[in-house]
*Asks:* 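Once you've had a glance at the structure underneath, I'll fire off some questions.
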2 protein chains.
Amino acid sequence: MSVLRPRTADATRPSANAHLDLHELVETHLRRIDQRYTSGRQAVVQLLATSGRPLSISDISSAAPDVPRSSAYRHLSDLQRAGVVRRIAASDEFARFELAEDLTHHHHHLLCSNCGKVIDVTPSPAFEATVASMVDDLTLEQGFHATSHALDVIGHCASCQAT
Amino acid sequence: MSVLRPRTADATRPSANAHLDLHELVETHLRRIDQRYTSGRQAVVQLLATSGRPLSISDISSAAPDVPRSSAYRHLSDLQRAGVVRRIAASDEFARFELAEDLTHHHHHLLCSNCGKVIDVTPSPAFEATVASMVDDLTLEQGFHATSHALDVIGHCASCQAT
DNA sequence: GTTGTAATGAGACTCAGTCTCAGTATACGT
DNA sequence: ACGTATACTGAGACTGAGTCTCATTACAAC
Ligand SMILES: [Mn+2]
Ligand SMILES: [Mn+2]
Ligand SMILES: [Zn+2]
Ligand SMILES: [Zn+2]
């Protein structure tokens, strides 16, 4: 039983709490590769789930100082192997991490080329349908097998436009 | 006068050779920031111009062993400052470099998540118009000022599908 | 409890990328 | 042609995000 994520479920509303569902799903994913859902991993997943944006290792370290850096790296890598976490490359030198789209929803990123900030944006279904068919076209003649796509918008965030 | 790129122009056809145009354009960009277009920089630009795909430092080093690594890094960084080169993050840990779209044309990338290979693909104008308007939509409500976009398709290249 | 396996923390280590500095090349003014 | 200022270069030291090792600890199963 973890202080970080008390799992005392409210039995009267089995599926009411999205957080419980998320963590149970994560646990399933980990179990599938014979891994346990320990408190350190829970802490990392909890951070990613509530941040609203991809987090760097520094973000994670300062938000959860009790999780050692080397463990945080390993947690993220294990969670990635389990299909729970996705690593993304931002405009700066630091990798960012977010929950896999299977556990959240498909979305894209605005990357600030000045400060490195990454902002989540969710496009309309119509947009996505268009993108998907375009991706098929691009992909076909190269003998390339597409598994996903990423539409990044590069520019300057609101705070960096003051400069 | 460089052995790497003889600039003896054929005066009878002033604009017939695209390579000459490219290098003159690069020189202009460099001059704009008080930089010279030296032979090492020429070698790097020549490689990027003829490769047909983004190159890693290793690619560049093995294709031009006479250019020291530290100089190659510096050339790329200087050329990037001059707006001639663009750095892109692939699926692996290694950065890739390509000529800026101002000097070539707008295009996108297929990233192999297995071997890290990057393939250039050029979408239709209709596609691009769609993407551009979608980008505007995504961007508007965030107070974000977009300067460019990148549509990456992640998957497995033809050679890696045999596995 | 015993045993096998997974997880952890501390810190050594790797290596892509950056920085320093002494020496060299190039442009420009006279 | 010469002097001067500034850009450029190569060698190698250095940085630091990310990885690996290993001794120890937690967990799950029987
Ligand atoms: Mn995201
Ligand atoms: Mn490209
Ligand atoms: Zn910013
Ligand atoms: Zn491949």
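Worth knowing before you read on, the calculation uses all heavy atoms, side chains too, and leaves out hydrogens, waters and symmetry mates. Just so it is clear, the model here is predicted, and its values are computed rather than measured. Throughout, protein chains are lettered first and strands after them, A, B, ... in sequence-line order, and every chain is numbered starting at 1.
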*Asks:* Does dG17(C) have OP1 or OP2 sitting under 4.0 Å from an N or O in the side chain of Tyr73(B)?
*Replies:*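 It does, given that an N or O in the side chain of Tyr73(B) lies less than 4.0 Å from OP1 or OP2 of dG17(C).
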*Asks:* Can you tell me the distance, in whole Å, between the CG atom of Asp78(A) and the P atom of dA7(C)?
*Replies:*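 After rounding, the reported distance stands at 7 Å.
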*Asks:* If an axis is fit to five pairs at each end of the helix from dG1(C)-dC30(D) to dT30(C)-dA1(D), what is the angle between the two, to the nearest 10°?
*Replies:*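 It comes to 30° between the two terminal axes.
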*Asks:* Looking at dA7(C), I'd like to know if its phosphate oxygens (OP1 or OP2) sit under 4.0 Å from a side-chain N or O belonging to His75(A).
*Replies:*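 So the side-chain polar atoms of His75(A) never come under 4.0 Å of the phosphate oxygens OP1 or OP2 of dA7(C).
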*Asks:* Restricting to side chain to side chain donor-acceptor pair (under 3.5 Å), what partner residues turn up for Ser61(B), sequence neighbours left out?
*Replies:*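 If we apply the side chain to side chain donor-acceptor pair (under 3.5 Å) test to Ser61(B), skipping adjacent residues, the hits are Arg69(B).
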*Asks:* Are Val67(A) and Leu30(A) co-members of a hydrophobic cluster defined by side-chain heavy atoms under 4.5 Å apart?
*Replies:*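 As far as the 4.5 Å side-chain criterion goes, Val67(A) and Leu30(A) are not connected within one cluster.
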*Asks:* Below 3.5 Å, can you tabulate the donor-acceptor pairs from side chains in residues 70-78 of chain B to any protein atom, sequence neighbours excluded?
*Replies:*
from: Asp78(B); atom 1: OD1; to: Arg81(B); atom 2: NH2; distance (Å): 3.4
from: Asp78(B); atom 1: OD2; to: Arg41(B); atom 2: NH2; distance (Å): 2.9

*Asks:* Between atom CD1 in Ile33(A) and atom C1' in dA7(C), what is the gap in whole Å?
*Replies:*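 Those two atoms, CD1 and C1', are 13 Å apart.
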*Asks:* Let me know the distance between CZ of Arg87(B) and P of dA16(C), rounded to the nearest Å.
*Replies:*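 Roughly 13 Å, once rounded to whole Å.
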*Asks:* Any side-chain hydrogen bond (donor to acceptor under 3.5 Å, both in side chains) pairs touching residues 125-145 of chain A, not counting sequence neighbours?
*Replies:*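 Checked against side-chain hydrogen bond (donor to acceptor under 3.5 Å, both in side chains) - neighbours excluded - the pairs reaching residues 125-145 of chain A are His106(A)-Glu128(A), His108(A)-Glu128(A), Glu128(A)-His149(A).
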*Asks:* Below 4.0 Å from chain B heavy atoms, what is the first contacting nucleotide of DNA chain D and what is the last?
*Replies:*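 It runs dT6(D) to dG12(D).
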*Asks:* Give the intermediate values and the outcome of side-chain hydrogen bond (donor to acceptor under 3.5 Å, both in side chains) for residues Gln35(A) and His29(A).
*Replies:* CA-CA 9 Å; Gln35(A) 299 283 303; His29(A) 278 259; over 6 Å; no
*Asks:* Out of curiosity, does Leu25(B) fall in the hydrophobic cluster containing Tyr37(B) (side-chain heavy atoms, cut-off under 4.5 Å, transitive links)?
*Replies:*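 Tyr37(B) and Leu25(B): one cluster.
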*Asks:* Please produce a list of atom pairs where a protein N or O lies less than 3.5 Å from an N or O of nucleotides 20-27 of chain C.
*Replies:*
from: dT26(C); atom 1: O2; to: Arg36(B); atom 2: NH2; distance (Å): 3.4

*Asks:* If I take atom CD in residue Glu93(A) and atom C1' in nucleotide dT18(C), what distance separates them, rounded to the nearest angstrom?
*Replies:*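 So the CD-C1' distance, Glu93(A) to dT18(C), works out to 10 Å.
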*Asks:* When all nucleic acid strands are considered with a 4.0 Å heavy-atom cut-off, which category describes Asp34(B): base, sugar-phosphate, or nothing?
*Replies:*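 Sugar-phosphate contact only - Asp34(B) comes under 4.0 Å of backbone atoms but never of a base.
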*Asks:* Expressed as a whole number of angstroms, how long is the span from Leu76(B):CG to dG17(C):P?
*Replies:*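 That distance rounds to 10 Å.
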